[in-house]
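The chains referred to below are lettered A, B, ... by the order of the sequence lines, with proteins before strands, and numbering in each begins at 1. Since this is a predicted model, take the numbers as computed values, not measurements.
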Protein chains: 2
Amino acid sequence: MVVDPDSPQGRGDAAAVLPAVRPGAGGGLDRRRILGAAIEIIDTDGLRALTMRRVGSRLGVEAMAIYHYIPGREAMLDGIVEVVIDELYGDPDVYLAHPDWQEYLQRLAHGVRRIALAHPEVFPLIATRPPAAPWVRPPLRSLRWMESFLHTLIDCGFSDRAAVAAYQAFSSFLLGHLLLEVSAQGADIGPIPEADPGPVKPADLDEYPLLQRLSPQLAEDHSAEEFEESLETLLNRLETFGKD
Amino acid sequence: MVVDPDSPQGRGDAAAVLPAVRPGAGGGLDRRRILGAAIEIIDTDGLRALTMRRVGSRLGVEAMAIYHYIPGREAMLDGIVEVVIDELYGDPDVYLAHPDWQEYLQRLAHGVRRIALAHPEVFPLIATRPPAAPWVRPPLRSLRWMESFLHTLIDCGFSDRAAVAAYQAFSSFLLGHLLLEVSAQGADIGPIPEADPGPVKPADLDEYPLLQRLSPQLAEDHSAEEFEESLETLLNRLETFGKD
DNA sequence: ACCTGAACACCGTTCAAGT
DNA sequence: ACCTGAACACCGTTCAAGT
């Protein structure tokens, strides 16, 4: 039909919209700076816009220069995931001593949620990249956070098994909720930021009387309250794990 | 690479000799057959191997022929998601009258789980493709299933609001659990089916004493039981929604 | 009516060469 | 030491042309 304006070959000026991080002179390339540029590109133009060549040009450099710091595109994606979840370490709300494990998990959950909402286009990557080991679960997919998580719970009297079960249940909760939340706000940027077609072509809804009746309620966004409620329920459930 | 041995028999000259009698028999290309080939490619070689050219060659046809049935790669991905979740309709365990909503949700959940495990490389697509409307939630992302879901619950005495809340909670549960489950079994095929590096380089674990101690337990796979348990918990929680 | 050949713009990645 | 130019093998997609 019509050429997709945000497809890679579209306009190329898109690169011009984002000012190069450090025009020309560029003080030294490094892994961290490259990953930062990549994350900015994803945040503004979506995953599909992430290209070795484009990351290079954002840094005032040819694509090939990147290979001196990061051994390829796959490694870049892994690095992006790592950098984004590491933002948790800079979050004073999370990285602190906590009175009890409930408080710890509350802060941790909200910290991860903040990250997901700040980088909605990156979160699917966090959710689906293969983890370092099969027992490392997204979205808390760093050994450091796993250690912290398990340590805190065991310190609070959880048995080893209960702590492990809690990690798994907590991961599944966060993954489901947050992926749903970012996907609802249009992650993966499907077609185009084109004319909003309204809430689904009404024609489609004709065959679904219930959807038609409920679509106003379906469209209401209660994700924040839902998150709090489900988190509360989860914590209560974990409490029963603790005593085994 | 190598010609696929179970691709449509014979050069397609047969189709030239025999005028297409029945679309979808032997030689005729159609949307459904194309999507089927695409799904087989993903199942066997992963998402990254899915290429217009490769789908074409699997069907004994040039890549460009596909564009007469499907308007591009994005549309193909959407079609794949649609076809895979539509497998639910063929599942007699699911598509049946049910004594109560608990039974219905149980069967539905297990049906979706079966699909996820049958197509672990497709599930991330189901999880992350932008849905038709923001209120359509993966993985139950078809209007038809949403209608069925809401209808069943409302028939069982749920209020409109409670039914909607149940749909959302159910979606989040399925998404979290199943994405975790398929990602643990190595979805998104990271680098290559190369030499298995064992369960994480032991060097990494040196700094994480707890992970070291718990790694045997972390590696145990209890996903099936966890699924049952969490589903049970969810159903109990939904029961409290019902009375509002 | 249905498919193809050739072409285009863009990829990731390599490697020898430049500074 | 750090980056680039040129090249290669692959993409998705178009369009006019073949049968």
Side-chain angles (χ1 to χ4, degrees), chain A residues 1-15 20-31 33-34 37-38 41 45-80 191-192, chain B residues 1 7-8 10-31 33-34 37-38 41-42 45-80 190-192:
Chain A
M1 248 206 190
V2 167
V3 159
D4 187 336
D6 77 352
S7 77
Q9 71 266 33
R11 304 312 134 252
D13 331 338
V21 162
R22 194 80 56 97
L29 219 46
D30 63 24
R31 186 182 134 90
R33 237 159 70 79
I34 292 170
I41 290 172
D45 294 319
L47 233 172
R48 307 175 23 153
L50 185 74
T51 272
M52 300 302 270
R53 284 165 158 95
R54 191 130 177 249
V55 173
S57 90
R58 183 136 175 63
L59 295 165
V61 126
E62 297 299 312
M64 303 75 195
I66 295 172
Y67 287 82
H68 290 268
Y69 302 90
I70 294 174
R73 188 174 202 265
E74 292 301 303
M76 190 158 83
L77 294 176
D78 287 336
I80 288 167
I192 318 165
Chain B
M1 244 206 182
S7 78
R11 303 306 129 249
D13 315 341
V17 172
L18 233 347
V21 180
R22 202 158 306 180
L29 217 48
D30 64 23
R31 186 182 134 91
R33 239 158 69 78
I34 292 170
I41 290 171
I42 299 178
D45 294 320
L47 234 173
R48 309 174 22 151
L50 185 73
T51 272
M52 300 303 269
R53 284 164 157 96
R54 185 122 184 255
V55 174
S57 91
R58 184 137 176 61
L59 294 164
V61 127
E62 296 298 313
M64 303 76 197
I66 295 171
Y67 287 82
H68 290 268
Y69 302 89
I70 294 174
R73 188 174 201 265
E74 293 299 301
M76 189 158 85
L77 295 176
D78 287 335
I80 288 166
I192 318 170

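- Partners of A:R53 according to the side chain to side chain donor-acceptor pair (under 3.5 Å) rule, which considers only residues two or more places apart in sequence or in another chain, do not exist here.
- Closest of all the heavy-atom pairs between A:R73 and A:L47 is NH2-O, 4.3 Å.
- Separating the CG atom of B:D30 from the C1' atom of C:dC2 is a distance of 13 Å, rounded to the nearest angstrom.
- Shortest non-hydrogen contact noted between B:A49 and B:I41 is O-CG2, 3.8 Å.
- Closest heavy-atom contact between A:A37 and A:V55: CB-CG1, 4.4 Å.
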| message | Can you build the contact string for nucleotides 12-19 of chain C? Use B for base contact, S for sugar-phosphate-only contact, and - for no protein heavy atom under 4.0 Å. | response | BBB-----

| Using Watson-Crick and G-U wobble pairs with both distances under 3.5 Å, what is the 5'-to-3' dot-bracket string of DNA chain D, with [ ] for crossing pairs and | for pairs outside the strand? | ||.|||||...|||||.||

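- B:I66 has its CD1 atom 13 Å from the C1' atom of D:dC11, to the nearest Å.
- Rounded to whole angstrom, the span from the CZ atom of B:R48 across to the P atom of C:dC11 amounts to 17 Å.
- Residues A:L50 and A:L77 meet the side-chain proximity criterion, which asks for heavy atoms closer than 4.5 Å.
- Here D:dA7 presents its C1' atom at 14 Å from CD of A:E62, a figure rounded to the nearest Å.
- Nearest approach of B:M52 to B:G72, heavy atoms of both residues: CE-C, 4.1 Å.
- Taking A:Y69 as the reference, A:L29, A:I34 meet the side-chain contact (heavy atoms from CB on, under 4.5 Å) condition, with sequence neighbours excluded.
- Considering every non-hydrogen atom in both A:I80 and A:A38, the closest pair reads CD1-CB, 3.7 Å.
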